[in-house]
Amino acid sequence: MLSHCFAITFHNKEEAVWLPKWSQQTSKFHKPVTPSEFHFAVFVITMLAYLSAFYFFYNQASELAKWFFIGFLGSIIVNAIFPHLITTILMKKYAPRLITGLFLNIPFNLFIIVQMFLNHYITWKELIISTIAVGSLLLALIPLLFKVGGRIASSREQK
C-alpha cells in the first residue's frame, strides 16, 4: 500500500512542477491549465489515492474498499499510458510525468495487482469494472477540480 502512495505522490509532484507550463503549448490533445488549477486538482487526486489505499488497508473485508482501491490502481496504470505515453509519442515531445508513470506507477501498481491475483483476492472482471468506474469518476472530477482551483486562486487574488 505504501508503495502505491509513494509512486503516485512522486508522480504527482513531477506533474505539479512541470505540467502547468508544458500545458501552455498549443495542442489538440490538452487544454492549458494554470498552476493554481492544476495544483488543487492534483492535491485532491493524490488525497483520493491515499484514501483508497488506507480505506482498503483498514477495511479489507469491504467490497467497496477493495473495488475503490483496485480501481485506483488500474486507473493509474491506464493513466501512465493514456495520455502520458500516447501524448509523448503523438507530440514527439516529452510529456511531464511519463517517466514516473512508466517506471514507478506501472511497476508498483502492477505488483500489488499481481499479488492480489495470486492470493485469489480479485478477478479480472473486478479489476476491469472497477478501473472503468474509478477512472471515469476521476476523469469527470478533473475539470471540476480545475474550475474550483481556478476560483480559489481568483478569490485569493481579489483579497
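None of the values given here were measured: they were computed from a predicted structure.
Annotation: cation-pi pair K66/F56 absent, no NZ/CZ under 6.0 Å from the ring centroid and within 45° of its normal.
Two residues are said to be in side-chain contact when any heavy atoms from C-beta on lie closer than 4.5 Å; V44 and M47 fail this criterion. With contacts defined as side-chain heavy-atom distances shorter than 4.5 Å, the pair F117/W124 qualifies. Looking at S3 and I112, their side chains come closer than 4.5 Å, going by heavy atoms from C-beta outward. By the 4.5 Å heavy-atom criterion applied to side chains, I70 and V134 are not counted as neighbours. The shortest side-chain heavy-atom distance between H84 and L98 falls under the 4.5 Å cut-off. Looking at R151 and E37, their side chains never come closer than 4.5 Å, going by heavy atoms from C-beta outward.
Remark: side-chain polar atoms of W22 are paired, donor with acceptor, to backbone N or O of Y94 under 3.5 angstrom. Side-chain atoms of H11 come within 3.5 Å of backbone N or O of R97 as a donor-acceptor pair. A donor-acceptor contact shorter than 3.5 Å links the side chain of S75 to the backbone of G135.
In terms of heavy atoms, L102 sits closest to P107 at O-CD, 3.2 Å. N59 and A65 get closest at one heavy-atom pair: O-CB, 3.6 Å. H39 approaches P20 most closely through the heavy-atom pair NE2-CG, 4.4 Å. Of all heavy-atom pairs between A49 and I8, the closest is CB-CD1, 3.5 Å. A16 approaches V42 most closely through the heavy-atom pair CB-CG1, 4.3 Å. Of all the heavy atoms in T34 and Q24, the pair that sits closest is N-NE2, 4.4 Å.
Considering CG of L19 and CG of N12, their distance stands at 10.5 Å, rounded to 0.5 Å. Note that the OG1 atom of T131 and the CG atom of N79 stand 12.0 Å from one another [nearest 0.5 Å]. Distance check: E15 CD to S23 OG gives 11.0 Å after rounding to the nearest 0.5 Å.
Cluster membership for V114 and I122, using ILVMFWY side-chain heavy atoms within less than 4.5 angstrom, is not shared. F111 and L104 fall into different hydrophobic clusters, where Ile, Leu, Val, Met, Phe, Trp and Tyr side chains are chained together by heavy-atom contacts under 4.5 Å. Note on L118: it does not cluster hydrophobically with I128, by side-chain heavy-atom contacts below 4.5 Å among ILVMFWY residues. Grouping the Ile, Leu, Val, Met, Phe, Trp and Tyr side chains by contacts below 4.5 angstrom, directly or via other members, places L90 with I81. Both I77 and Y121 belong to a common hydrophobic cluster when Ile, Leu, Val, Met, Phe, Trp and Tyr are linked at side-chain heavy-atom distances under 4.5 angstrom.
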Which atom pairs, one a donor and one an acceptor, fall under 3.5 Å between side chains of residues 137-148 and the rest of the protein, sequence neighbours left out?
none

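Remark: E14 engages no residue in a salt bridge (Lys or Arg N to Asp or Glu O under 4.0 Å) (not counting sequence neighbours).
Ring geometry for F68 versus F72: interplanar angle over 60°, hence perpendicular rather than tilted (30 to 60°). Ring geometry for F6 against F108 counts as perpendicular: the plane angle is over 60°, on a 0 to 90° scale with 30° as the lower cut.
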| Check against side chain to side chain contact (heavy atoms under 4.5 Å, CB included), L64 and Y55 | CA-CA 9 Å; L64 179 62; Y55 182 43; 3.6 Å; yes
| task | Start with the C-alpha distance between I76 and I106, add both sets of side-chain angles, then the distance that settles side chain to side chain contact (heavy atoms under 4.5 Å, CB included), and finish with yes or no. | result | CA-CA 7 Å; I76 297 302; I106 289 177; over 6 Å; no
| task | Could you walk me through whether C5 and F54 pass the side chain to side chain contact (heavy atoms under 4.5 Å, CB included) test, one step at a time? | result | CA-CA 10 Å; C5 294; F54 286 103; 4.3 Å; yes
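Aromatic ring centres of F69 and H4: separated by under 6.0 Å.
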